[in-house]
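Data first, discussion second: the structure below is written as C-alpha coordinates.
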Amino acid sequence: VIASMSHYEDGSMLEFHLGIRHDKVEGIAFPYTGGLKDFSGQSMTLMVPVARLIEREHWRFLVEDRKDIEKAVHELGRVLQQRAFALLDRFSRLEALNSWYNETPGKPLTWVHNQHHRCLRGATIARLSHSKQFEACCAAYAALLSELKAPDHIRERFHRIVNFLKTYSEN
(Lines give C-alpha, C1' and ligand atoms only; values in the text may rest on other atoms or scores of the structure.)
Protein backbone atom coordinates (compact mmCIF):
# COMPACT_ATOMS: atom_id res chain seq x y z
CA VAL A 1 0.00 0.00 0.00
CA ILE A 2 1.46 3.32 -1.07
CA ALA A 3 0.18 6.50 0.53
CA SER A 4 0.80 9.79 -1.20
CA MET A 5 0.10 13.16 0.29
CA SER A 6 -0.24 16.53 -1.41
CA HIS A 7 -0.07 19.58 0.83
CA TYR A 8 -2.27 22.64 0.39
CA GLU A 9 -3.01 25.74 2.47
CA ASP A 10 -6.23 24.30 3.96
CA GLY A 11 -4.88 20.82 4.63
CA SER A 12 -3.43 17.85 2.86
CA MET A 13 -4.90 15.35 0.41
CA LEU A 14 -4.18 11.72 1.12
CA GLU A 15 -4.49 9.16 -1.65
CA PHE A 16 -3.68 5.43 -1.74
CA HIS A 17 -2.28 3.09 -4.38
CA LEU A 18 -1.68 -0.65 -4.37
CA GLY A 19 1.65 -1.84 -5.67
CA ILE A 20 3.03 -5.18 -6.71
CA ARG A 21 6.66 -5.75 -7.50
CA HIS A 22 8.09 -8.76 -9.30
CA ASP A 23 11.84 -8.61 -8.83
CA LYS A 24 12.65 -10.51 -12.05
CA VAL A 25 10.38 -8.27 -14.13
CA GLU A 26 11.73 -5.09 -12.59
CA GLY A 27 15.33 -6.29 -12.76
CA ILE A 28 14.99 -6.58 -16.52
CA ALA A 29 12.50 -3.82 -17.39
CA PHE A 30 13.43 -0.96 -15.05
CA PRO A 31 16.80 -0.11 -16.65
CA TYR A 32 14.96 0.48 -19.94
CA THR A 33 12.39 2.86 -18.41
CA GLY A 34 14.91 5.65 -17.97
CA GLY A 35 14.07 5.83 -14.27
CA LEU A 36 16.65 6.95 -11.76
CA LYS A 37 18.99 4.12 -10.77
CA ASP A 38 18.55 4.87 -7.05
CA PHE A 39 14.82 4.06 -7.35
CA SER A 40 15.23 0.72 -9.10
CA GLY A 41 14.58 -1.17 -5.85
CA GLN A 42 11.26 0.61 -5.38
CA SER A 43 9.84 0.27 -8.88
CA MET A 44 6.49 -1.44 -9.19
CA THR A 45 5.39 -3.93 -11.80
CA LEU A 46 1.81 -2.88 -11.21
CA MET A 47 0.60 0.15 -9.30
CA VAL A 48 -3.15 0.68 -9.13
CA PRO A 49 -4.81 3.77 -7.69
CA VAL A 50 -7.36 2.55 -5.15
CA ALA A 51 -9.85 4.93 -6.83
CA ARG A 52 -9.68 2.88 -10.03
CA LEU A 53 -9.99 -0.36 -8.11
CA ILE A 54 -13.28 0.80 -6.58
CA GLU A 55 -14.35 2.36 -9.88
CA ARG A 56 -14.27 5.99 -8.83
CA GLU A 57 -12.62 8.92 -10.52
CA HIS A 58 -11.06 10.03 -7.23
CA TRP A 59 -10.73 8.56 -3.76
CA ARG A 60 -8.90 11.12 -1.69
CA PHE A 61 -9.13 12.29 1.88
CA LEU A 62 -8.73 15.85 3.13
CA VAL A 63 -6.46 15.54 6.14
CA GLU A 64 -6.19 18.30 8.70
CA ASP A 65 -5.47 16.31 11.86
CA ARG A 66 -4.84 12.84 13.27
CA LYS A 67 -8.56 12.03 13.38
CA ASP A 68 -8.79 12.56 9.61
CA ILE A 69 -5.86 10.19 9.06
CA GLU A 70 -7.48 7.55 11.26
CA LYS A 71 -10.71 7.84 9.26
CA ALA A 72 -8.82 7.47 5.96
CA VAL A 73 -6.92 4.43 7.23
CA HIS A 74 -10.17 2.87 8.46
CA GLU A 75 -11.72 3.34 5.00
CA LEU A 76 -8.61 1.90 3.40
CA GLY A 77 -8.86 -1.14 5.67
CA ARG A 78 -12.41 -1.72 4.50
CA VAL A 79 -11.37 -1.54 0.83
CA LEU A 80 -8.39 -3.81 1.45
CA GLN A 81 -10.66 -6.45 2.95
CA GLN A 82 -13.39 -6.14 0.30
CA ARG A 83 -11.29 -5.90 -2.87
CA ALA A 84 -7.61 -5.19 -2.57
CA PHE A 85 -6.26 -8.31 -0.87
CA ALA A 86 -7.81 -10.48 -3.58
CA LEU A 87 -6.25 -8.29 -6.28
CA LEU A 88 -2.84 -8.34 -4.62
CA ASP A 89 -3.00 -12.11 -4.23
CA ARG A 90 -4.09 -12.63 -7.82
CA PHE A 91 -1.42 -10.42 -9.38
CA SER A 92 1.36 -11.72 -7.18
CA ARG A 93 1.48 -14.59 -9.69
CA LEU A 94 3.35 -13.90 -12.92
CA GLU A 95 0.84 -15.91 -14.95
CA ALA A 96 -2.02 -13.64 -13.86
CA LEU A 97 0.04 -10.56 -14.69
CA ASN A 98 0.82 -12.02 -18.10
CA SER A 99 -2.87 -12.58 -18.80
CA TRP A 100 -3.79 -9.08 -17.69
CA TYR A 101 -0.90 -7.17 -19.26
CA ASN A 102 -0.82 -9.12 -22.51
CA GLU A 103 -4.42 -10.07 -23.25
CA THR A 104 -4.83 -6.96 -25.40
CA PRO A 105 -1.31 -5.62 -25.99
CA GLY A 106 -2.49 -3.28 -28.74
CA LYS A 107 -4.75 -1.32 -26.38
CA PRO A 108 -3.84 0.86 -23.37
CA LEU A 109 -4.57 -0.56 -19.91
CA THR A 110 -6.82 1.56 -17.70
CA TRP A 111 -4.98 0.86 -14.44
CA VAL A 112 -1.57 1.76 -15.82
CA HIS A 113 -0.44 5.39 -15.70
CA ASN A 114 2.49 5.10 -18.08
CA GLN A 115 1.59 3.17 -21.23
CA HIS A 116 5.16 3.36 -22.54
CA HIS A 117 6.43 1.50 -19.48
CA ARG A 118 3.52 -0.92 -19.81
CA CYS A 119 4.93 -1.99 -23.17
CA LEU A 120 8.37 -2.64 -21.65
CA ARG A 121 6.94 -4.57 -18.73
CA GLY A 122 4.40 -6.42 -20.85
CA ALA A 123 7.10 -7.73 -23.18
CA THR A 124 9.23 -8.71 -20.17
CA ILE A 125 6.33 -10.48 -18.48
CA ALA A 126 5.48 -12.35 -21.68
CA ARG A 127 9.07 -13.58 -21.97
CA LEU A 128 9.41 -14.56 -18.32
CA SER A 129 6.06 -16.38 -18.56
CA HIS A 130 7.33 -18.32 -21.59
CA SER A 131 4.30 -17.05 -23.48
CA LYS A 132 3.80 -18.43 -26.97
CA GLN A 133 2.46 -14.97 -27.80
CA PHE A 134 5.74 -13.19 -26.98
CA GLU A 135 6.51 -12.21 -30.60
CA ALA A 136 2.90 -11.11 -31.25
CA CYS A 137 2.87 -9.06 -28.03
CA CYS A 138 6.11 -7.33 -28.99
CA ALA A 139 4.73 -6.47 -32.43
CA ALA A 140 1.51 -5.14 -30.88
CA TYR A 141 3.46 -3.07 -28.35
CA ALA A 142 5.66 -1.59 -31.08
CA ALA A 143 2.50 -0.58 -32.96
CA LEU A 144 0.95 0.84 -29.78
CA LEU A 145 4.04 2.95 -29.11
CA SER A 146 3.77 4.35 -32.64
CA GLU A 147 0.05 5.00 -32.18
CA LEU A 148 0.76 6.77 -28.88
CA LYS A 149 3.43 8.83 -30.67
CA ALA A 150 6.05 7.74 -28.14
CA PRO A 151 9.29 9.70 -28.42
CA ASP A 152 12.08 8.10 -30.41
CA HIS A 153 14.16 7.33 -27.30
CA ILE A 154 11.26 5.34 -25.81
CA ARG A 155 10.77 3.33 -28.99
CA GLU A 156 14.51 2.71 -29.20
CA ARG A 157 14.56 1.44 -25.58
CA PHE A 158 11.63 -0.81 -26.39
CA HIS A 159 13.46 -2.34 -29.35
CA ARG A 160 16.58 -2.80 -27.22
CA ILE A 161 14.68 -4.65 -24.49
CA VAL A 162 12.91 -6.84 -27.05
CA ASN A 163 16.25 -7.77 -28.63
CA PHE A 164 17.60 -8.58 -25.17
CA LEU A 165 14.53 -10.65 -24.28
CA LYS A 166 14.76 -12.69 -27.48
CA THR A 167 18.06 -14.15 -26.27
CA TYR A 168 17.34 -14.04 -22.52
CA SER A 169 17.64 -17.27 -20.55
CA GLU A 170 17.06 -17.66 -16.82
CA ASN A 171 19.95 -20.13 -16.54
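- Closest of all the heavy-atom pairs between W59 and A51 is N-CB, 3.6 Å.
- Residues P105 and R118 approach most closely at CA-NH2, 3.6 Å, considering heavy atoms.
- Listed for the R21 side chain is a donor-acceptor partner under 3.5 Å among the backbone atoms of S43.
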*side chain to side chain donor-acceptor pair (under 3.5 Å) assessment of S40 paired with E26*: CA-CA 8 Å; S40 65; E26 293 307 303; over 6 Å; no
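- For the atom pair CG of N114 and CZ of R121, the computed distance is 8.0 Å after rounding to the nearest 0.5 Å.
- Considering every non-hydrogen atom in both S129 and L94, the closest pair reads OG-CG, 3.6 Å.
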_side-chain contact (heavy atoms from CB on, under 4.5 Å) evaluation trace for I154 with L148_ = CA-CA 11 Å; I154 298 289; L148 295 172; over 6 Å; no
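- Counting only heavy atoms from C-beta outward, the side chains of E147 and Q115 never approach each other to under 4.5 Å.
- Atom-to-atom distance recorded for K37:NZ and F30:CZ is 10.5 Å, nearest 0.5 angstrom.
- Transitive grouping of hydrophobic side chains (ILVMFWY, heavy atoms separated by less than 4.5 Å) keeps M44 and I161 in distinct clusters.
- A 6.0 Å sphere centred on CD of E15 holds more than 12 heavy atoms belonging to other residues, nucleotides or ligands.
- In E103, the CD atom is not crowded: 12 or fewer heavy atoms of neighbouring residues, nucleotides or ligands sit closer than 6.0 Å.
- A distance of 14.0 Å separates CD of Q82 from CG of L87, quoted to the nearest 0.5 Å.
- Here the straight-line distance linking atom CZ of R127 with atom CD of E135 works out to 9.5 Å at 0.5 Å rounding.
- Two different hydrophobic clusters hold L88 and M47 under the rule that ILVMFWY side chains link at heavy-atom gaps under 4.5 Å.
- What you find for F61 and A72 is that their closest heavy atoms are CG-CB, 3.5 Å.
- Around the CD atom of E64, the shell of radius 6.0 Å holds more than 12 heavy atoms that belong to other residues, nucleotides or ligands.
- Between the CD1 atom of I125 and the CG atom of L120 there is a distance of 10.5 Å, given to the nearest 0.5 Å.
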*Walk me through it: do L18 and V1 pass the test side-chain contact (heavy atoms from CB on, under 4.5 Å)?*
CA-CA 5 Å; L18 301 176; V1 175; 4.0 Å; yes
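- Follow the hydrophobic side-chain contacts under 4.5 Å out from I54 and you reach V112 in the same cluster.
- When all heavy atoms of G122 and N102 are compared, the pair lying nearest together is O-ND2, 3.1 Å.
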*Could you walk me through whether I28 and L128 pass the side-chain contact (heavy atoms from CB on, under 4.5 Å) test, one step at a time?*
CA-CA 10 Å; I28 293 170; L128 291 175; 4.0 Å; yes
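- If you chain together hydrophobic residues whose side chains sit under 4.5 Å apart, M13 and V73 never meet in one group.
- The main-chain N or O of L53 is found under 3.5 Å from a side-chain atom of R83 such that the two form a donor-acceptor pair.
- The shortest non-hydrogen separation linking A126 to F134 is CB-CD1, 4.0 Å.
- Hydrophobic clustering of Ile, Leu, Val, Met, Phe, Trp and Tyr side chains at less than 4.5 Å, counting indirect connections, unites V79 with W111.
- Using a 4.0 Å cut-off between charged side-chain N and carboxylate O, D68 and K71 make no salt bridge.
- Judged purely by atom type and a 3.5 angstrom limit, R155 has no side-chain atom pairing as donor or acceptor with the backbone of L145.
- To the nearest 0.5 angstrom, H153 atom NE2 is 14.5 Å from F158 atom CZ.
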*Please walk me through it: do L109 and W100 pass side-chain contact (heavy atoms from CB on, under 4.5 Å)?*
CA-CA 9 Å; L109 287 177; W100 184 71; 3.7 Å; yes
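- Taking 4.0 Å as the cut-off between side-chain N and carboxylate O, R78 and E75 count as a salt-bridged pair.
- Distance alone, capped at 3.5 Å, places no donor-acceptor pair between the D89 side chain and the F85 backbone.
- A donor-acceptor contact shorter than 3.5 Å links the side chain of H22 to the backbone of F91.
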